[in-house]
Asker: 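Here it is, the structure in full.
The chain is numbered in sequence order, starting from 1.
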Amino acid sequence: QVQLVESGGGSVQAGGSLRLSCAASGRTFSTYAMGWFRQAPGKEREFVTAINWSGGSTYYGDSVKDRFTISRDNAKSTMYLQMNSLKPEDTAVYYCAASRTRSLATMTQLYDYWGQGTQVTVSS
């Protein structure tokens with residue numbers, strides 16, 4: 001069992017930056033691949049980015065490529081999402097998730113544990 005808690009959300013103007021954190025409980029964090037997803041009102045949950053168990057491989061959705069950076073610190077059982085050049089269309093609730101697959105996963109069905117989400121609002 002893994003419990004995930006996101007933090008770092010908030011309100012920012014377009015062009016600004018935010019850094020989200022996802023803290024995991026338990027000693028097995030390093031055995032999971034991790035991902036970030038987001039969901040805007042009235043829309044389906046969308047893949048944002050993923051990182052494998054070691055942090056050596058990452059993958060980004062097209063809408064955030066070159067603006068967002070995912071990273072993890074296995075010693076701290078924490079994953080991060082650095083979001084730069086934010087746009088109003090990035091407004092959503094952001095969720096972190098853990099997958100037993102260990103490798104990169106883009107589909108929600110491949111994730112076993114989810115956080116409660118943190119709101120990110122970008123104003124124009």
Side-chain angles (χ1 to χ4, degrees):
Q1 186 80 12
V2 175
Q3 291 186 330
L4 304 173
V5 179
E6 302 96 335
S7 62
S11 297
V12 65
Q13 290 192 328
S17 299
L18 282 174
R19 189 193 196 203
L20 306 184
S21 298
C22 173
S25 65
R27 302 179 181 179
T28 60
F29 177 75
S30 63
T31 67
Y32 291 89
M34 300 294 294
W36 287 98
F37 291 77
R38 66 187 182 186
Q39 189 165 19
K43 295 188 177 181
E44 292 187 352
R45 193 163 294 190
E46 173 192 19
F47 169 77
V48 176
T49 179
I51 190 167
N52 76 332
W53 67 277
S54 69
S57 295
T58 59
Y59 185 76
Y60 296 89
D62 289 341
S63 61
V64 305
K65 202 173 296 182
D66 298 326
R67 298 189 299 122
F68 290 11
T69 303
I70 189 172
S71 61
R72 66 188 296 163
D73 185 336
N74 286 344
K76 296 182 178 179
S77 297
T78 303
M79 175 179 65
Y80 305 98
L81 182 64
Q82 178 66 43
M83 305 186 294
N84 298 329
S85 302
L86 283 162
K87 305 175 181 180
E89 50 264 44
D90 294 318
T91 295
V93 177
Y94 283 70
Y95 298 90
C96 68
S99 172
R100 293 193 189 99
T101 65
R102 292 170 63 93
S103 58
L104 298 174
T106 62
M107 296 185 293
T108 58
Q109 301 94 308
L110 295 177
Y111 286 84
D112 304 286
Y113 303 101
W114 293 82
Q116 83 289 349
T118 185
Q119 177 70 47
V120 171
T121 302
V122 184
S123 58
S124 59

Asker: If you take all heavy atoms of Ala40 and Thr91, which pair is closest and at what distance?
Answerer: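 Distance-wise, the nearest heavy atoms are CB-O, 3.7 Å.
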
Asker: Distance check, rounded to the nearest 0.5 Å: Ser7 atom OG versus Gln116 atom CD?
Answerer: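 So the gap between those two atoms works out to 9.0 Å.
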
Asker: Please name the pair of heavy atoms, one in Leu20 and one in Trp36, separated by the smallest distance, quoted to 0.1 Å.
Answerer: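 Reported closest heavy-atom pair: CB-CH2, 3.7 Å.
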
Asker: Identify the two heavy atoms, one from Lys43 and one from Gln39, that lie closest to each other, and give their separation to 0.1 Å.
Answerer: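 Of all heavy-atom pairs spanning Lys43 and Gln39, the closest is O-NE2, 3.1 Å.
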
Asker: Do the side chain of Asn52 and the main chain of Gly55 share a donor and acceptor less than 3.5 angstrom apart?
Answerer: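 Between the backbone of Gly55 and the side chain of Asn52 there is a qualifying donor-acceptor contact (under 3.5 Å).
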
Asker: Which heavy atom of Ala92 sits nearest a heavy atom of Gln119, and at what distance?
Answerer: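 The answer is O-NE2, 3.4 Å.
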
Asker: Which pair of heavy atoms, one from Thr28 and one from Val2, lies closest together, and at what distance?
Answerer: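 Taking Thr28 first and Val2 second, the nearest heavy atoms are OG1-CG2, 4.1 Å.
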
Asker: Over all heavy atoms of both residues, which pair between Ser103 and Ala33 is shortest? Give the atoms and the distance, please.
Answerer: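 Closest pair (atom of Ser103, atom of Ala33, distance): O-CB, 3.0 Å.
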
Asker: Between Glu6 (side chain) and Gly117 (backbone), is there a donor-acceptor pair under 3.5 Å?
Answerer: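 Checked: pair present.
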
Asker: Can you give each donor-acceptor pair under 3.5 Å made by side-chain atoms of residues 63-70, sequence neighbours left out, with the distance rounded to 0.1 Å?
Answerer:
residue: Ser63; atom: OG; partner: Arg38; partner atom: NH2; Å: 3.2
residue: Lys65; atom: NZ; partner: Asp62; partner atom: OD1; Å: 3.1
residue: Arg67; atom: NH1; partner: Ser85; partner atom: O; Å: 2.9
residue: Arg67; atom: NH1; partner: Asp90; partner atom: OD2; Å: 2.8
residue: Arg67; atom: NH2; partner: Ser63; partner atom: O; Å: 2.8
residue: Arg67; atom: NH2; partner: Asp90; partner atom: OD1; Å: 3.0
residue: Arg67; atom: NH2; partner: Asp90; partner atom: OD2; Å: 3.4

Asker: Hydrophobic cluster membership, with links at side-chain heavy-atom distances under 4.5 Å among I/L/V/M/F/W/Y: are Leu18 and Leu81 in one?
Answerer: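 Same cluster.
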
Asker: Apply ring-ring contact (aromatic ring centres under 6.0 Å, His included) to Phe37 and list each qualifying residue two or more places apart in sequence or on a separate chain.
Answerer: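 So Phe37 forms a ring-ring contact (aromatic ring centres under 6.0 Å, His included) with Phe47, Tyr111, Trp114.
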
Asker: State whether a side-chain donor-acceptor pair under 3.5 Å links Ser17 with Asn84.
Answerer: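 Yes - a donor-acceptor pair under 3.5 Å links their side chains.
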
Asker: Within the 4.5 Å heavy-atom criterion, are Tyr113 and Gln1 side-chain neighbours or not?
Answerer: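 The answer is yes; the side chains approach within 4.5 Å.
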
Asker: Is the backbone N or O of Tyr95 less than 3.5 Å from a side-chain atom of Arg45, with the two atoms forming a donor-acceptor pair by type?
Answerer: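 Here the side-chain-to-backbone pair does not exist.
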
Asker: What distance separates Ser77 OG from Arg72 CZ, expressed to the nearest 0.5 Å?
Answerer: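 Ser77 atom OG to Arg72 atom CZ measures 9.0 Å (nearest 0.5 Å).
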
Asker: With a sphere of 6.0 Å drawn around CD of Glu89, does it hold more than 12 non-hydrogen atoms of other residues, nucleotides or ligands?
Answerer: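 Buried by this count: over 12 neighbours within 6.0 Å.
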
Asker: Are any of the side-chain heavy atoms of Val12 and Met83 separated by less than 4.5 Å?
Answerer: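 Contact flag for Val12/Met83 side chains = no.
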
Asker: Please check if atom OH in Tyr59 has more than 12 non-hydrogen atoms from other residues, nucleotides or ligands closer than 6.0 Å.
Answerer: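 Atom OH in Tyr59 is not crowded, with 12 or fewer foreign heavy atoms closer than 6.0 Å.
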
Asker: Mind checking whether Met79 and Leu104 sit in one hydrophobic cluster, side chains of I, L, V, M, F, W, Y counted as touching below 4.5 Å?
Answerer: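 Not linked; separate clusters.
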
Asker: Cluster question for you: counting only ILVMFWY and a side-chain heavy-atom cut-off of under 4.5 Å, with indirect links fine, are Tyr60 and Leu110 together?
Answerer: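 No; tracing contacts between hydrophobic side chains, which count when under 4.5 Å, never links both residues.
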
Asker: With a 3.5 Å distance limit and no angle check, can you tell me whether Ser25 reaches the backbone of Gln3 through a side-chain donor-acceptor pair?
Answerer: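 It does hold such a pair.
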
Asker: With hydrophobic residues grouped by side-chain heavy-atom distances under 4.5 Å, do Ile51 and Val48 end up in a single group?
Answerer: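 In one cluster: yes.
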
